[in-house]
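When reading the values below, keep in mind they use all heavy atoms of this one structure, side chains included, and skip hydrogens, waters and symmetry mates. Throughout, numbering of the chain's residues begins at 1 and tracks the sequence.
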Amino acid sequence: MRISPFFLSTLCVGIGIVSSQLADVDRMQHDLAKFLSIARYNETQKAQARAGIKMALDSVGLPSMTHTFIHEETNEIGMNVIAVHRGPYYGTADDKLIVIMWIVDIIMIGVDDNGSGVAALLEAARIMVTLDALYRRQHSIIYLFADMKHKGLAGSHAFVEDVLLPLLQRSNSTIAGAVVVDGLLHFDPFPSSQAMPDSFTDTFPDSSKELHDHKHMGDFIQVTSRDKKDEAIFHKYPKFLLKLA
Ligand SMILES: *[C@@H]1O[C@H](CO)[C@@H](O)[C@H](O)[C@H]1NC(C)=O
Ligand SMILES: *[C@@H]1O[C@H](CO)[C@@H](O)[C@H](O)[C@H]1NC(C)=O
Ligand SMILES: *[C@@H]1O[C@H](CO)[C@@H](O)[C@H](O)[C@H]1NC(C)=O
């Protein structure tokens with residue numbers, strides 16, 4: 001595991017500028033307050049959240065489907081919401097699909113697990129649809145709102161087996177990549193705003209010393225990756241963010 005926190009107040013200013021041109025923060029706040037702040041533990045609550053997500057996708061012109069599956073061990077019924085944003089090569093060997101996903105059921109109560117990732121994903125979908133008017137998008141995007149993360153990632157597994165693999169087989173399309181949005185960034189430049197679990201100090205002594213010297217301010221982005229396997233993206237990602245700044 002490698003880790004590289006970098007402390008940058010200008011970075012956040014940079015991202016603020018870029019995102020304010022595109023992302024509609026009011027809309028994300030509306031989604032969060034309206035249907036993503038309800039708990040999503042039981043079926044009634046999840047159905048409400050699902051309906052909200054489907055309506056939001058509909059309103060940007062992306063029809064969605066509900067993918068129903070049965071948890072292999074518990075036999076519980078789960079439901080994913082999937083929207084396919086087709087590119088010009090959809091259904092052919094020239095398509096390189098991009099999967100962007102978030103998990104709809106929650107386990108903790110907090111802004112993040114309450115839905116900031118879903119709000120971001122819906123906003124990303126809206127922006128991508130808008131950008132289609134300006135740019136010629138090459139590849140198809142699949143938006144997945146997966147159920148049952150906290151039950152062995154059952155929704156994601158079912159999506160891969162029931163939807164994604166059959167689609168790849170049928171069309172000979174390939175996968176360019178997947179983005180799993182777990183939550184949004186929180187920026188807090190005040191001392192002591194960033195806590196660390198004890199295990200973090202043990203696993204990443206250098207980074208935790210750096211954070212300590214930085215007065216535990218939450219004004220940094222931390223990039224964590226596996227050794228070797230993620231080498232390429234590990235170096236690209238911070239460079240990309242610096243470029244935004
Ligand atoms: C998150 O969900 C809980 C449980 O429904 C709720 O009490 C809380 O207000 C929510 N928080 C936010 C920030 O929406
Ligand atoms: C789901 O949870 C809510 C809030 O705890 C509760 O009011 C509702 O009765 C529950 N519904 C079912 C079907 O268990
Ligand atoms: C996919 O590839 C196989 C093997 O090359 C070919 O027989 C089939 O026609 C292809 N299907 C499509 C939809 O391109």
**OP:** Return the minimal non-hydrogen interatomic distance between G87 and S140, and the atom names on each side.
**Re:** N-OG, 2.8 Å
Original post:
What is the minimum heavy-atom distance between G155 and N80, and which atoms define it?
Top reply: O-ND2, 2.9 Å
Original post:
Mind checking whether V129 and M55 sit in one hydrophobic cluster, side chains of I, L, V, M, F, W, Y counted as touching below 4.5 Å?
Top reply: no
Original post:
Linking I/L/V/M/F/W/Y whenever any side-chain heavy atoms sit under 4.5 Å apart, do F190 and M196 land together?
Top reply: no
Subject >> Verify same cluster id: I233, I98 (apolar side-chain graph, 4.5 Å) >> reply: no
Original post:
For I70, which fellow cluster members are found when Ile, Leu, Val, Met, Phe, Trp and Tyr are connected by side-chain heavy-atom distances below 4.5 angstrom, either directly or through intermediates?
Top reply: I77, M79
Original post:
Looking just at side-chain N and O atoms, do D132 and H85 make a donor-acceptor pair shorter than 3.5 Å?
Top reply: yes
Original post:
Are Y143 and L131 connected in a single hydrophobic cluster, I mean Ile/Leu/Val/Met/Phe/Trp/Tyr linked by side-chain heavy atoms less than 4.5 Å apart?
Top reply: yes
**OP:** Give the intermediate values and the outcome of side chain to side chain donor-acceptor pair (under 3.5 Å) for residues H214 and D219.
**Re:** CA-CA 9 Å; H214 199 63; D219 64 346; 2.9 Å; yes
**OP:** Decide whether M65 and L164 are clustered together by the hydrophobic rule: side chain heavy atoms of Ile, Leu, Val, Met, Phe, Trp, Tyr closer than 4.5 Å, transitively.
**Re:** yes
**OP:** To the nearest 0.5 Å, tell me how far M101 CE sits from F159 CZ.
**Re:** 8.0 Å
Original post:
Is there a donor-acceptor contact under 3.5 Å from the side chain of S193 to the main chain of G218?
Top reply: yes
Original post:
Going through the distances and angles, do K54 and S64 end up as a side chain to side chain donor-acceptor pair (under 3.5 Å)?
Top reply: CA-CA 6 Å; K54 288 174 81 70; S64 58; 3.2 Å; yes
**OP:** Test K228 against E231 for salt bridge (charged side-chain N to carboxylate O under 4.0 Å, His left out), laying out the working first.
**Re:** CA-CA 5 Å; K228 294 197 181 79; E231 198 77 19; over 6 Å; no
Subject >> Geometric class of the H216/H212 ring pair [parallel <30°, tilted 30-60°, perpendicular >60°] >> reply: perpendicular
Original post:
Does any donor atom in the side chain of D147 or H67 lie under 3.5 Å from an acceptor atom in the other side chain?
Top reply: no
Original post:
What are the two closest heavy atoms between D95 and Y90, and how far apart are they?
Top reply: OD2-CA, 3.3 Å
**OP:** Sort and list the pairs that fulfil salt bridge (charged side-chain N to carboxylate O under 4.0 Å, His left out) and have at least one residue in residues 154-176, not counting sequence neighbours.
**Re:** none
